[in-house]
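The block underneath contains the structure these notes are about, expressed in structure tokens.
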Amino acid sequence: MVKIAFSSPFAAKQPCKDAEALVAEKDPEVATHGSENSTGRCLLTLLGLAFILAGLIVGGACIYKYFMPRHKYEGKMSYMELSEHSEEPYYLPVTEEADIREDDNVAFINVPVPNFEEGDSASIVHDFDRLLTAYLDLALQKCYVINLNTSVVMPPRNLMDLFMKLASGTYLPQTYLVREELVVTERIDDVSELGIFIYQHCLGKETYRLQRRDQIIGLQKRSAEKCIKIQHFANTYVTDTRICE
Ligand SMILES: *[C@@H]1O[C@H](CO)[C@@H](O)[C@H](O)[C@H]1NC(C)=O
């Protein structure tokens with residue numbers, strides 16, 4: 001294909017006609033023979049160029065989408081907690097990093113281990129197409145999946161605006177804490193049904209489905225429950241998510 005492309009390198013408007021004319025001047029006999037040849041070659045050249053161009057465009061788009069470093073947003077909010085040991089209320093910071101992909105309708109949120117509170121580090125996916133949230137507990141390497149709560153998790157565009165406000169410092173990041181308690185209801189064996197992003201996130205990890213405790217009718221709180229805690233935000237307040245097995 002490359003060789004064909006070179007047969008009319010960056011010629012003017014009508015490279016094919018020019019080539020024919022050149023041959024015609026030299027020898028009329030060769031010209032009739034050569035004109036078929038050059039028309040064919042010319043078509044191949046154009047086809048080749050079209051392929052190369054299409055390849056460049058598609059390739060460029062792919063490189064842009066998948067290989068360019070993504071912009072990660074860092075955000076920090078703090079909420080007030082009353083101390084057991086002192087009269088003074090104090091502020092606890094919650095930091096997280098977000099990778100928001102608006103065109104895929106998905107947000108990835110990384111929560112490091114908190115400095116001043118107990119809690120687990122986690123990696124969270126909010127998939128707005130599948131309407132699912134997956135919490136990957138990084139210490140336990142377990143994945144927990146629940147329906148996305150659209151009244152708590154801001155859509156990607158608004159989430160991006162929130163993180164930009166947090167980063168610019170024009171937004172006062174002192175907020176409040178909302179607690180929620182989620183309970184494991186069943187194990188999910190086939191994570192491929194959860195959409196590509198959660199699939200990639202939870203593949204090879206023990207994965208469980210969750211439900212809000214206040215939506216389970218008649219469930220007694222068992223004393224032997226093991227719970228983990230993840231503090232994160234996807235809105236203007238911090239959510240304290242307890243996940244119990
Ligand atoms: C979403 O979250 C809010 C606040 O935590 C809660 O009141 C509501 O029941 C949740 N909705 C669903 C569908 O889980």
Side-chain angles (χ1 to χ4, degrees), residues 73 75-82 89 91-98 100-102 104-111 114 117-137 142-163 165-166 171-188 191 193-195 197-199 201-202 206-222 225-245:
Y73 302 88
K76 187 164 152 183
M77 288 201 210
S78 50
Y79 65 93
M80 201 178 68
E81 189 88 315
L82 287 167
Y91 284 95
L92 288 169
V94 175
T95 310
E96 63 183 34
E97 185 191 68
I100 300 157
R101 305 186 195 169
E102 210 187 344
D104 287 325
N105 229 0
V106 68
F108 298 84
I109 290 176
N110 286 318
V111 185
E117 267 268 81
E118 90 269 31
D120 280 8
S121 66
S123 184
I124 306 168
V125 178
H126 298 295
D127 186 335
F128 282 82
D129 279 341
R130 290 300 185 122
L131 292 174
L132 289 173
T133 291
Y135 301 90
L136 171 61
D137 184 297
K142 284 184 183 176
C143 234
Y144 301 95
V145 181
I146 191 165
N147 292 342
L148 179 85
N149 188 333
T150 48
S151 58
V152 171
V153 183
M154 283 182 167
R157 164 124 299 264
N158 301 32
L159 208 53
M160 224 186 270
D161 289 345
L162 171 69
F163 273 93
K165 272 199 283 180
L166 287 176
Y171 178 67
L172 192 70
Q174 263 168 22
T175 183
Y176 57 96
L177 185 75
V178 172
R179 294 178 203 274
E180 64 176 9
E181 202 162 315
L182 313 178
V183 184
V184 166
T185 56
E186 60 178 336
R187 180 150 182 188
I188 300 175
V191 288
E193 288 164 11
L194 306 172
F197 297 110
I198 293 178
Y199 168 78
H201 208 65
C202 296
E206 275 176 48
T207 303
Y208 299 93
R209 183 168 283 281
L210 299 175
Q211 211 170 337
R212 291 178 67 89
R213 188 180 299 274
D214 55 21
Q215 286 171 355
I216 304 176
I217 304 152
L219 183 101
Q220 299 299 309
K221 203 166 183 163
R222 283 173 297 151
E225 269 183 355
K226 269 192 293 178
C227 300
I228 59 158
K229 187 169 101 165
I230 300 167
Q231 285 196 345
H232 59 107
F233 55 87
N235 207 316
T236 55
Y237 51 86
V238 173
T239 305
D240 179 296
T241 301
R242 267 168 75 85
I243 298 175
C244 298
E245 256 184 84

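Ligands are counted one by one from 1 in listed order, and the atoms in each one are counted from 1 as well. Remember, predicted model here, so these are calculated numbers, not experimental data.
- For Phe163 and Phe233, the ring centers are positioned less than 6.0 Å apart.
- For ligand 1, none of its N or O atoms has an N or O atom of Glu180 under 3.5 Å away.
- In this structure, atom 13 (C) of ligand 1 lies nearest to the protein heavy atom Gln215 NE2, 4.0 Å.
- Just one of Arg213, Glu181, Glu180 meets the side chain to side chain contact (heavy atoms under 4.5 Å, CB included) condition when paired with Arg242; it is Glu181.
- In this structure, the protein non-hydrogen atom closest to atom 8 (C) of ligand 1 is Asn149 ND2, 3.8 Å.
- Interface atoms of ligand 1 facing Ser151, defined by a heavy-atom separation under 4.0 Å, are 1 (C).
- Heavy atoms of Arg212 approach ligand 1 to within less than 4.0 angstrom.
- Residue Tyr199 qualifies as open at atom OH: its count of foreign heavy atoms under 6.0 Å is 12 or below.
- Between the side chain of Thr207 and the main chain of Cys143, no donor-acceptor pair closer than 3.5 Å is present.
- Ring-plane geometry between Tyr237 and Tyr176 is classed as parallel, the angle between the planes falling under 30 degrees on a 0 to 90 degree scale with a further cut at 60.
- Among all non-hydrogen protein atoms, the one lying nearest atom 4 (C) of ligand 1 is Val152 CG2, 4.0 Å.
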